[in-house]
Every structure is written in C-alpha cells, then in structure tokens.
Amino acid sequence: MKIKNICCIGAGYVGGPTMAVVAQKCPHIKVTIVDINESRIAAWNDEDLSKLPVFEPGLDEVVKEARGRNLFFSTDVDKAIDEADMIFISVNTPTKTYGKGKGMAADLKYIELCARQIAKISKSNKIVVEKSTLPVRTASAIKNILEHTGNGVQFQILSNPEFLAEGTAIEDLLSPDRVLIGGDNTIEGQKAIQALVDIYANWVPKERILTTNLWSSELSKLTANAFLAQRVSSINAMSELCEKSGADINEVAKAIGMDGRIGSKFLKASVGFGGSCFQKDILNLVYIAKTYGLKEVADYWEQVILMNEHQKKRFSDNIVNTLYNTVSGKKITFFGWAFKKDTNDTRESAAIQVADNLLSEQANILVYDPKVIEERIYADLDYLNSRTSEENRDLLKIKTNPYEASKNSHAIAILTEWDEFKTYDWVKIYNHMNKPAFIFDGRGILDMEELKKIGFVCYKIGSGSK
Ligand code: NAD
Ligand code: UGA
C-alpha cells in the first residue's frame, strides 16, 4: 500500500517538527498537520519563520522548503482526516489532574477524542498511528473505539513512538538511532507496518527501522524515557556525595563513562531534569506497575522522580543557606528558564521549582532567558498557585539583557546550560553586583577557577563551594 496523503493531529513540539521532516523527505506525500489551537496553526503559517510556535535549530529551513509544497497546517481537522490514508495522533498526554490515577496516570482524553473523531469522519480504510507516548495496551482501546462505528471502514493501528529530544529535534529526526514501529501480527497489520516502513525508508537506513508487536513498541517508549531519566537521577545522586566527599562529579562521570558498558552520554549532573515527558512518563510507568500489582517495580522507578525533586530542593536550599540563611529582599538573578538549552519549552523546568522555593523565602528574582517569553514565565509560576499572580509579578521580574538582570544582584543561579552564558563579560557582571557576589552553577558549565579569580564565591553542582 502506497501512502499519498497523511494527516497529523496535533501541531505541537512533536507533531510539527516530525511531520515537517516527513514532508521534506517525501515530496510525493501530502502532509497536513491539524490542531484545534487556532493561534498555534496561525503561527505555523506565519510568513515570518522566526514566529514558528516551536523553536528548534534548523526547523525554519525545513518548514521553508516544504510548506505550501506538500506541507500544510490547518484547523480543519475533519477535512484532513477524511482525505488521509494514514493518520498520526500526536496530541498531548499529560498527567491526570483529576479522578482515578490523579497525579500519576496519563490523561488519555485527548487521544480518545481523536479516535472518536476519526471513527465519525472516516469513509475509507485508514492506518492510524500512535505518535503520542501512551500507556502499554492503549492501542486496544483505540481499536475498540474505531471498530464499533458500524460503517464498514477498516482501521489498522500502529504504534510509532517518537524519540526526538528538544533542542536537537531536527538532527534526531533526520538521523534517528532507530525508528520503532509496532503493529498487529496479521496480514493486514504487516501491510500497515510496511506502509510506514516505506515512508521512513525515504531517508532512514533500513537496519535502523525496527518492527515489533504493538505492546513492545508502546512499552519501549516508556522504558527508554525511564532509563534516560534514571541516568540523570543516578548522576545527580552521586553529585551530592561528591560535594560532601571532595570528589568532582565531572571527573567521576568521565571515569565511569569511558567504560563501554556504561557509556558517556546522559551523565551530566544538573539541578534536575525537566521537560514535558520524563516525569509524566515515569509517573505513568509507576501507575501501570501498580495497576498490575507490581509494588517493587513501582517503588523502584518512583525513586527516580523523588531523587529529582530532592535535587531541585537541595539547590534552592543551598542558595538560602549560603546567603546567610536569608534571601528575603535580596536580588537573585536566574540565567535560564528553559528546561534545557536550544528550546523555548519550559514545561517542568527545574527553574520553576527553584524560583518558587526562593519566592517563598521572599527573594526578589530577576530572570534572563534568551528564548523564553515573559508571559510563559509568569504562566509557569501562576500555575503553581503558591501565591497570587500580582505577588509573582511583584517579586519576579524578567529582563531581556543579562547585564541588566545581574545589576545589584547578590547571586546568580545558572538554571539552563545556554552556550551564551559562557561568553559573558563576567568581570563586568561582578563589578555591578552586591558583594560578596555568589554564583550557583546548577549546570556545571562555567569555569569556577576563572570566576574565583574575579572574586566570585562559586558553587558548582557536584563539586561544591569554592
Ligand atoms: P504539545 O502540547 O506541544 O502538542 C499537542 C497538540 O495537540 C496541542 O497543540 C493541542 O492543541 C493539540 N490537540 C489536542 N487535542 C487535539 C484534538 N482533539 N484535535 C486536534 N488537536 C489537538 O505536545 P507535544 O510535546 O508535541 O507532545 C505530544 C505527544 O508526544 C505526547 O504524548 C508526548 O509525550 C510525546 N512526545 C513528546 C516529545 C517532546 O519532546 N515534546 C518527544 C517525544 C514524544
Ligand atoms: C527526552 C528524551 O531524551 C527523548 O528521547 C524523548 O523523545 C523525549 O524526552 C520525550 O519523550 O519527550 P527531552 O526531554 O526533550 O527528551 O530532552 P533531554 O535531552 O532528554 O533532557 C531532559 C532533561 O534532562 C533536561 O532538563 C536536561 O537538561 C536533563 N539532562 C539531560 C541532565 O540533567 N543531564 C543529562 O546528562 C542529560
């Protein structure tokens, strides 16, 4: 079966970049990305490519090449579903905030709505692809909804989880470590798998396209994120021990990473992992394990989250303790708000929790981030409901220039590893700060020896204070 027309429901951080790359690499396929969020679709259609709703290095070039040729962004969901032979579901699957599984399980209401809409609109056979990250066995629920329409339309369900990381999404999509496709072991199921394999084969080497059964594919996605997050929590646990014992976490990471069995990637100690998925996916995994009665499995993975919470808390506690046990009325500058560099995404960013802890101590915070906009930062804080939005705006200010943000400040906290922070005139910054001037490097990116020479009192995650 040759696919000519693709629809992707959800024009977010995954749907947008993923389908833009499919369109770029498959000019013979029409790709329509639809979303109910009108302003998001308008931004994807904006002539000015700097206004795309997702900031990703290289994304503007891909959109420029394919948009209007075979890549389209639209709010007409029904029409795109009707015309497509293959439909990707790439909507959000956040942690449930209500009812059974509240705070743990994935909220599948958006997925179910998509399935119902596809069932209602479809007049011809379609392949439905789960692109969103989903609990294992979700495909059977989607199948159930689709198969009970009574209109004779045949559906095949595939699982094709996305492994891109934000900030490197285009690179990851163009040259993935692997593409995973799960489907039914029936003749029709295998045909559907082959149709999707053929799409990726336009640019991904065949040996990197892995096919499995549906449940293995769904569970592999949660497993991959759990293993990645576990590495960060493992190295962060050791970072605290390093600070107590005089060892240096970067040296330890290098020493263990050279062991081929361990590997050197994902061993960077930090103020804690953020991002929309690690926490939500592990909580979901814990919930699934509990549902099957696997208490030890659930407890084991929950520890990854608890360690991450501890790391964020210990970072803000350290700031308070070092600043003579009070930050009330003191200016603290945040360099970085995004959950990692090269993205404007702030979901679950460690900066939010650290800021909240310090604001509760009545600190005055000044934030500079190269890509995150003011409204986003206030929305992140307001969402916590720790204080009124007026209080948040009163205590925390946003600056568009790092030098202004650090003027008369008592301490600088590095919350994101943006490269530009390494290029600043740190003498100039030191000179206009309150003395003693402190730096708390939560990302381990600055040269502490150099900063010490300038006069800063430095703390670096995993190597303590100097
Ligand atoms: P997102 O919130 O950025 O985008 C989801 C979009 O879906 C939103 O724009 C929303 O308006 C739209 N939507 C929701 N319901 C809809 C409906 N019924 N019809 C049309 N549009 C609808 O989310 P995201 O970051 O792109 O993540 C999507 C999925 O991909 C999640 O399951 C996530 O776990 C997974 N994932 C995310 C990443 C990542 O880096 N962000 C990576 C891999 C996998
Ligand atoms: C992660 C995975 O890497 C992707 O494979 C997956 O597709 C995605 O989640 C998802 O499912 O959403 P992402 O969250 O975009 O991608 O970014 P990462 O590079 O994984 O970083 C996550 C967090 O961990 C960031 O806050 C980052 O700063 C932190 N991190 C990462 C560390 O603190 N240390 C490290 O060594 C690596």
Side-chain angles (χ1 to χ4, degrees), residues 167 232 235-236 238-258 264-265 267-272 311-312 314-324 327 330-342 350-351 354 358 363 365-371 399-466:
V232 180
I235 202 74
N236 282 345
M238 300 318 285
S239 76
E240 189 170 12
L241 195 50
C242 281
E243 289 170 27
K244 294 283 179 221
S245 63
D248 182 305
I249 197 64
N250 288 339
E251 292 178 356
V252 172
K254 188 168 179 194
I256 64 163
M258 283 171 76
S264 61
K265 292 182 183 163
L267 286 180
K268 190 94 195 82
S270 69
V271 50
Q311 189 77 346
K312 291 185 269 186
R314 137 180 134 72
F315 187 75
S316 53
D317 282 352
N318 184 31
I319 296 180
V320 178
N321 297 343
T322 309
L323 295 183
Y324 317 108
V327 289
K330 287 183 184 163
K331 280 189 181 167
I332 299 175
T333 304
F334 276 29
F335 281 171
W337 190 267
F339 82 96
K340 63 184 284 198
K341 73 173 180 179
D342 293 336
V354 173
L358 294 174
I365 299 182
L366 297 150
V367 182
Y368 166 74
D369 186 286
K371 285 287 170 201
K399 300 284 174 189
T400 51
N401 173 311
Y403 296 97
E404 241 181 80
S406 51
K407 220 174 259 175
N408 298 322
S409 173
H410 289 80
I412 289 173
I414 309 286
L415 275 312
T416 312
E417 70 281 25
W418 286 102
D419 288 332
E420 66 170 65
F421 299 162
K422 291 185 248 177
T423 67
Y424 289 172
D425 182 345
W426 285 98
V427 174
K428 183 173 164 187
I429 291 177
Y430 177 79
N431 285 337
H432 69 207
M433 283 177 69
N434 264 297
K435 307 296 176 319
F438 295 88
I439 290 197
F440 297 89
D441 185 353
R443 292 290 180 168
I445 55 166
L446 299 177
D447 184 338
M448 276 169 82
E449 293 308 319
E450 284 303 311
L451 293 168
K452 233 170 61 186
K453 278 189 216 150
I454 296 172
F456 282 106
V457 183
C458 306
Y459 161 86
K460 189 168 184 166
I461 202 97
S463 67
S465 297
K466 293 250 161 61

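Starting from 1, each residue takes its place in the sequence as its number.
For the side chain to side chain contact (heavy atoms under 4.5 Å, CB included) with Asp441, the lone residue among Leu415, Ile461, Leu451, Ile414 that qualifies is Ile414.
Contact record, Gly442 with Phe315: CA-CE1, 3.5 Å, taken as the closest heavy-atom pair. Here the shortest heavy-atom pairing between Ser239 and Gln311 reads OG-NE2, 3.1 Å. Across Asn236 and Ala269, no two heavy atoms sit closer than the pair OD1-CA, 3.3 Å. Between Lys460 and Ile445, the closest heavy-atom pair is CE-N, 4.5 Å. Considering every non-hydrogen atom in both Val271 and Ala350, the closest pair reads CG1-CB, 3.9 Å. Contact detail for Phe421 and Gly336: the closest heavy-atom pair is CZ-N, 3.5 Å.
The main-chain N or O of Met433 is never found under 3.5 Å from a side-chain atom of Asn408 such that the two would form a donor-acceptor pair. Side-chain atoms of Thr416 come within 3.5 Å of backbone N or O of Ala338 as a donor-acceptor pair.
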Under the salt bridge (charged side-chain N to carboxylate O under 4.0 Å, His left out) rule, what do Glu450 and Lys453 come out as? Steps first, then yes or no, please.
CA-CA 5 Å; Glu450 284 303 311; Lys453 278 189 216 150; 3.2 Å; yes
CA sep, side-chain torsions, deciding dist, call: Tyr459, Thr322, side chain to side chain contact (heavy atoms under 4.5 Å, CB included):
CA-CA 9 Å; Tyr459 161 86; Thr322 309; over 6 Å; no
If you apply the rule side chain to side chain contact (heavy atoms under 4.5 Å, CB included), what do you find for Val354 with Phe334, and how did you get there?
CA-CA 10 Å; Val354 173; Phe334 276 29; 3.8 Å; yes
When you look at Ser406 and Lys331, which way does the side chain to side chain contact (heavy atoms under 4.5 Å, CB included) test go after all the steps?
CA-CA 9 Å; Ser406 51; Lys331 280 189 181 167; over 6 Å; no
Mind running side chain to side chain contact (heavy atoms under 4.5 Å, CB included) on Asn250 and Ser463 for me, showing each step along the way?
CA-CA 8 Å; Asn250 288 339; Ser463 67; over 6 Å; no
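From Ile439, atom CD1 reaches atom NZ of Lys452 across 13.0 Å, with rounding to the nearest 0.5 Å. One finds the CG atom of Leu366 at 5.0 Å from the OG1 atom of Thr333 (value rounded to the nearest 0.5 Å). The line from CG of Asp425 to OH of Tyr430 is 14.0 Å long, rounded to the nearest 0.5 Å. Atom CD1 of residue Ile412 and atom CD1 of residue Ile429 lie 5.0 Å apart, to the nearest 0.5 angstrom. To the nearest 0.5 Å, atoms CD1 (Ile249) and CE (Met238) are separated by 6.5 Å. In this structure, the separation between NE2 on His410 and CG on Leu323 is 8.0 Å, given to the nearest 0.5 Å.
Under 4.0 Å is where a charged nitrogen must lie from a carboxylate oxygen, and between Lys254 and Glu251 no such pair does. Under a 4.0 Å N-O distance rule, the pair Lys422/Glu417 does not qualify as a salt bridge.
In the model, Asp342 has no side-chain atom that pairs as donor or acceptor with a side-chain atom of Trp418 under 3.5 Å.
Separation of the Phe456 and Phe438 ring centroids does not fall under the 6.0 Å cut-off. Ring-centre distance between Tyr403 and Tyr368: not below the 6.0 Å cut-off.
Looking at Glu243 and Arg314, their side chains come closer than 4.5 Å, going by heavy atoms from C-beta outward. Looking at Arg443 and Phe335, their side chains never come closer than 4.5 Å, going by heavy atoms from C-beta outward. Contact of the Asp248 side chain with the Cys242 side chain is not registered, since no non-hydrogen atoms from C-beta on lie closer than 4.5 Å. Residues Trp426 and Asp447 fail the side-chain proximity criterion, which asks for heavy atoms closer than 4.5 Å.
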